Amino acid sequence: MPELPEVESTRRDLARAAAGRTIAAVTVRDRRLRWPVPAGLARRLAGQEVREVRRRAKYLLIGVGNGTLLVHLGMSGSLRLLDAQTAPQPHDHIDLVLDDGRCVRYHDPRRFGCWLWAGADPTRHWLLAHLGPEPLGPAFTGAWLHRRLRGRTAPVKNLLMDSRILAGVGNIYANEALFVAGIDPRRAGGRIARRRVDRLVCAVRQVLGAAIDAGGTTLRDYVRTDGAAGEFVARLGTYGREGEPCPSCAAPIAREVIGQRSTWFCRRCQR
DNA sequence: CCGGACGCCTGTCGGC
DNA sequence: TGCCGACAGGCGTCCG
């Protein structure tokens with residue numbers, strides 16, 4: 001799924017719909033997610049007011065009176081805002097029923113996502129404790145990234161997707177940012193000149209920002225909370241475009257597997 | 001610490 | 001038409 005722009009797009013919709021509302025009930029149809037949904041989760045949430053909906057990396061942090069609900073959408077997850085009476089479809093695993101008759105419905109065919117309880121300070125939760133900085137936050141600078149990449153021999157693309165270095169960039173946007181920055185995804189992280197690292201930081205910011213504005217990228221499973229597709233798919237430069245002309249120089253886009261993930265890039269523009 | 005491989009799941013698509 | 005392998009947005013864990 002869902003990388004940072006898709007989660008952020010979902011977050012904004014949820015904040016608008018749920019902040020200030022009370023959770024009337026929680027319906028768990030299938031507990032078998034990446035980690036089992038805790039037996040006491042529904043009890044902890046029922047009757048609580050939703051105070052805020054935040055995001056850290058690809059996690060949604062839904063703050064209620066007595067703690068935080070931690071939601072990750074995995075590879076194929078999405079959250080829809082629906083009338084609570086709407087009949088559930090296959091793979092609709094959890095409903096957060098609100099006091100206005102609507103619900104936040106979690107759909108996830110592959111069940112790689114999670115719904116966990118995180119307590120009052122979610123940043124201390126084991127899943128969040130070792131995450132790198134937010135790519136749209138002030139700590140993500142060229143100087144900082146250049147230092148983090150120093151001495152690293154792994155392909156820069158792998159390092160961009162390493163959540164301990166940078167939080168929230170997945171396969172789509174790593175491909176796209178490296179294309180915008182003109183950097184070969186196979187290049188060792190420690191062998192990128194400082195000026196080009198600056199360009200990479202700008203490219204990550206630019207691509208993520210544009211994707212958020214477009215409501216994210218829908219490839220297959222992801223949809224926005226109203227069921228609409230994310231529009232950024234039309235603006236992808238290289239992702240999934242093997243053999244098509246490079247938007248910049250018209251040379252055919254190449255595909256290679258790097259770090260067990262498909263990678264698309266332009267051999268002429270990216271060095 | 002680092003880099004690379006492997007599962008966890010279900011669904012879809014292309015080739016034979 | 002049917003079967004089978006490859007592949008898909010993430011990421012914790014294990015191994016050398």
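Bear in mind the structure is a predicted one, so any value in this text is a computation, not a measurement. Residue numbers start from 1 in every chain, and the chains themselves are labelled A, B, ... in the order their sequence lines are given, proteins ahead of strands. The basis for the numbers below is simple: all heavy atoms, side chains too, and nothing from hydrogens, waters or symmetry mates.
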Does the structure show A:Phe112 stacking with B:dC8, if we require the centres to be closer than 5.5 Å and the planes to be within less than 30 degrees of parallel? yes
side-chain hydrogen bond (donor to acceptor under 3.5 Å, both in side chains) with A:Asp95: of A:Arg102, A:Arg80, A:Arg105, only one passes, and it is A:Arg105
For residues 211-220 of chain A, tabulate all N or O donor-acceptor pairs below 3.5 Å that involve a side-chain atom, not counting sequence neighbours.
from     : atom 1 : to       : atom 2 : distance (Å)
A:Thr217 : OG1    : A:Tyr173 : OH     : 2.7
A:Thr218 : OG1    : A:Tyr222 : O      : 3.1
A:Thr218 : OG1    : A:Gly230 : N      : 2.6

C:dG10, C:dG12, C:dG9: which one has an atom nearest the side-chain heavy atoms of A:Ile172? C:dG9
Rounded to whole angstrom units, what separation is found between the CG atom of A:Leu236 and the C1' atom of C:dG9? 11 Å
Can you tell me how far P in C:dC7 sits from the matching atom in B:dA5, rounded to whole Å? 14 Å
Would you say A:Phe112 and A:Leu116 are hydrophobically clustered, going by side-chain heavy atoms of ILVMFWY under 4.5 Å? no
Look at the side chain of A:Tyr222 and decide which nucleotide, out of C:dG9, C:dG10, B:dG4, has an atom nearest to it. C:dG9
For A:Asp221, which contact category applies under a 4.0 Å heavy-atom criterion: base, sugar-phosphate, or nothing? base
In whole angstroms, how far is the P atom of B:dG11 from the CD atom of A:Gln89? 13 Å
Would you mind telling me which of B:dG3, C:dA8, C:dG12 lies closest to the side-chain atoms of A:Trp126? C:dG12
Using atom P in both nucleotides, what's the gap between B:dC6 and C:dA6 to the nearest angstrom? 13 Å
Donor-acceptor contact below 3.5 Å, side chain A:Glu176 vs main chain A:Gly237: yes
Can you figure out which of C:dC11, C:dA8, B:dG3 approaches the side chain of A:Ala154 most closely? B:dG3
From A:His107 atom NE2 to A:His93 atom NE2, the distance as rounded to the nearest 0.5 Å: 7.5 Å
Which nucleotide in the list C:dC7, C:dG12, C:dG9 gets nearest to the side chain of A:Tyr239? C:dG9
Indicate, with a heavy-atom threshold strictly under 4.0 Å, whether A:Pro90 touches base, sugar-phosphate, or nothing. nothing
Treating A:Ser9 as the side-chain partner and A:Pro5 as the backbone partner, does any N or O pair qualify as donor plus acceptor under 3.5 Å? no
Give the rounded distance in Å between these two atoms: CE of A:Met161 and C1' of B:dC2. 17 Å
If only side-chain N and O atoms count, and only distance matters, is there a donor-acceptor pair under 3.5 Å linking A:Asn158 with A:Asp162? no
A:Trp35 and A:Trp117 aromatic centres sub-6.0 Å: no
Looking only at the side chain of A:Arg152 (C-beta and beyond, no hydrogens), which of the listed nucleotides B:dC8, B:dG3, B:dT10 gets closest? B:dG3
Can you work out whether A:Arg111 or A:Asn158 has the more 5'-proximal nearest nucleotide on DNA chain B? A:Asn158
Can you figure out which of C:dG12, B:dG11, C:dG9 approaches the side chain of A:His91 most closely? B:dG11
Distances under 3.5 Å between protein N/O atoms and the N/O atoms of nucleotides 5-7 of chain B, please, pair by pair.
from  : atom 1 : to       : atom 2 : distance (Å)
B:dA5 : OP2    : A:Gln260 : OE1    : 2.6
B:dA5 : N7     : A:Gln260 : NE2    : 3.3

Comparing nearest nucleotides in DNA chain C, the 5'-proximal residue of the pair A:Lys58, A:Arg164 is A:Lys58
Name the closest nucleotide to the A:Arg220 side chain, picking from B:dT12, C:dG10, B:dC9. B:dT12
